[in-house]
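Numbers here simply count residues along the sequence, with the first being 1.
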Amino acid sequence: MIKLIMLVKRKNTLSYEEFDNYWREHHATLVNSQKEALGIYRYVQSVPLQDKKPGNAMRNSRSAPFFDYDGMAEIWWQSKEKMLNIRTSPEAKKAIQLLLDDENQFVDHSQSLIWYATERTIF
């Protein structure tokens with residue numbers, strides 16, 4: 001299993017509510033419509049708690065910086081090989097461009113972080 005993780009920062013022209021609504025209602029539907037073309041196994045959006053108290057205590061105990069992202073997206077594939085192989089198809093290339101064009105409507109890519117990972121399940 002491999003996944004893409006993206007810490008998402010919204011465009012500064014959008015309020016958090018506008019960003020979250022667009023991401024949840026429009027972009028999620030678009031990703032779902034392209035899951036076959038991209039071989040996506042699972043897609044999850046995580047949003048920060050609006051109540052900052054639980055995070056503040058943990059951050060303070062570790063001198064950690066404030067988490068300044070508007071959300072986190074995770075996309076899973078069955079394997080690295082499957083993810084890489086499917087990207088060469090014309091359908092996948094079209095789907096990738098479609099999703100990127102849509103992200104450009106609400107995501108500040110210059111302030112967002114993206115990486116690929118595998119999970120180690122401990123329990």
Side-chain angles (χ1 to χ4, degrees):
M1 192 76 61
I2 187 170
K3 66 179 171 178
L4 175 145
I5 301 168
M6 181 175 182
L7 296 179
V8 182
K9 188 73 173 162
R10 72 180 185 271
K11 288 196 169 214
N12 63 7
T13 56
L14 299 173
S15 70
Y16 178 78
E17 292 74 22
E18 290 169 324
F19 158 82
D20 189 51
N21 185 58
Y22 189 92
W23 190 30
R24 182 175 14 97
E25 299 298 327
H26 180 76
H27 192 71
T29 302
L30 192 59
V31 173
N32 189 44
S33 75
Q34 301 303 309
K35 68 183 177 188
E36 306 274 330
L38 294 170
I40 295 173
Y41 173 74
R42 185 173 184 208
Y43 173 57
V44 174
Q45 295 177 349
S46 297
V47 295
L49 291 175
Q50 296 306 302
D51 177 5
K52 305 295 185 210
K53 290 178 191 171
N56 287 340
M58 185 169 280
R59 271 191 306 280
N60 291 340
S61 71
R62 291 161 173 77
S63 299
F66 177 72
F67 181 82
D68 193 26
Y69 292 94
D70 298 299
M72 180 177 76
E74 296 174 282
I75 298 177
W76 278 262
W77 291 271
Q78 292 289 346
S79 70
K80 179 181 172 184
E81 294 74 24
K82 183 173 181 175
M83 179 199 64
L84 292 173
N85 288 339
I86 203 161
R87 287 178 169 214
T88 62
S89 76
E91 296 83 11
K93 289 178 182 180
K94 182 178 175 185
I96 290 167
Q97 190 61 55
L98 181 68
L99 295 177
L100 178 59
D101 290 345
D102 191 57
E103 284 178 12
N104 286 329
Q105 301 302 308
F106 69 104
V107 174
D108 181 348
H109 286 105
S110 72
Q111 298 297 312
S112 299
L113 301 174
I114 301 172
W115 75 96
Y116 288 90
T118 58
E119 291 183 344
R120 285 187 205 142
T121 302
I122 307 303
F123 60 86

Response to the item:
Output for pair (L30 CG, L99 CG), nearest 0.5 Å, gives 5.0 Å

Worksheet entry | Residue pair N12, Q111: steps toward the side chain to side chain contact (heavy atoms under 4.5 Å, CB included) verdict | CA-CA 10 Å; N12 63 7; Q111 298 297 312; over 6 Å; no

Item to complete: Measure the shortest side-chain to side-chain distance between R24 and Q45 over non-hydrogen atoms and say whether it is less than 4.5 angstrom.
Response: yes

Worksheet item: Could you walk me through whether E18 and T13 pass the side chain to side chain contact (heavy atoms under 4.5 Å, CB included) check?
Response: CA-CA 10 Å; E18 290 169 324; T13 56; over 6 Å; no

Worksheet item: Closest heavy-atom contact between A92 and R87?
Response: CB-CA, 3.9 Å

Fill in: From CD (Q78) to CD1 (I2), nearest 0.5 Å
12.0 Å

Fill in: Same apolar cluster: I114 and Y69, side chain cutoff 4.5 Å
no

Practice prompt. Group every Ile, Leu, Val, Met, Phe, Trp and Tyr by side-chain heavy-atom contacts under 4.5 Å, then state whether Y116 and V8 land in the same group.
Written response: yes

Discussion item. With a 4.5 Å cut-off on side-chain heavy-atom distances among I, L, V, M, F, W and Y, is there a chain of contacts connecting M72 to F19?
Written reply: no

Worksheet item: Is the closest basic N to carboxylate O distance between K9 and D68 below 4.0 Å?
Response: yes

Discussion item. Donor-acceptor check, side chain of W77 to backbone of L38, threshold 3.5 angstrom: yes or no?
Written reply: yes

Fill in: I86 side, atom CD1; E36 side, atom CD - distance, nearest 0.5 Å
9.0 Å

Worksheet item: Linking I/L/V/M/F/W/Y whenever their side-chain heavy atoms sit closer than 4.5 Å, directly or via other members, would L7 and L4 fall into one cluster?
Response: no

Practice prompt. Spell out, yes or no, whether I5 and W23 are grouped together once hydrophobic residues are joined by side-chain heavy atoms under 4.5 Å, including indirect joins.
Written response: no

Discussion item. How long is the straight-line distance from OH of Y43 back to NZ of K35, given to the nearest 0.5 Å?
Written reply: 13.0 Å

Worksheet item: Strictly by modelled atom types, are N85 and K82 linked by a side-chain donor-acceptor pair under 3.5 Å?
Response: no

Discussion item. Looking at every non-hydrogen atom in both residues, tell me the closest pair between E91 and A37 and how far apart they are.
Written reply: O-CB, 4.0 Å

Discussion item. Let me confirm one number: the NZ-CZ distance from K3 to R42, rounded to the nearest 0.5 Å.
Written reply: 8.0 Å

Item to complete: Check for a donor-acceptor pair, side chain of K11 on one end and backbone N or O of N104 on the other, with a separation under 3.5 Å.
Response: yes

Item to complete: Would you tell me whether N21 and E17 have side-chain atoms, one donor and one acceptor, within less than 3.5 Å of each other?
Response: no

Worksheet item: How far does CG of D102 sit from OH of Y22, to the nearest 0.5 angstrom?
Response: 3.5 Å

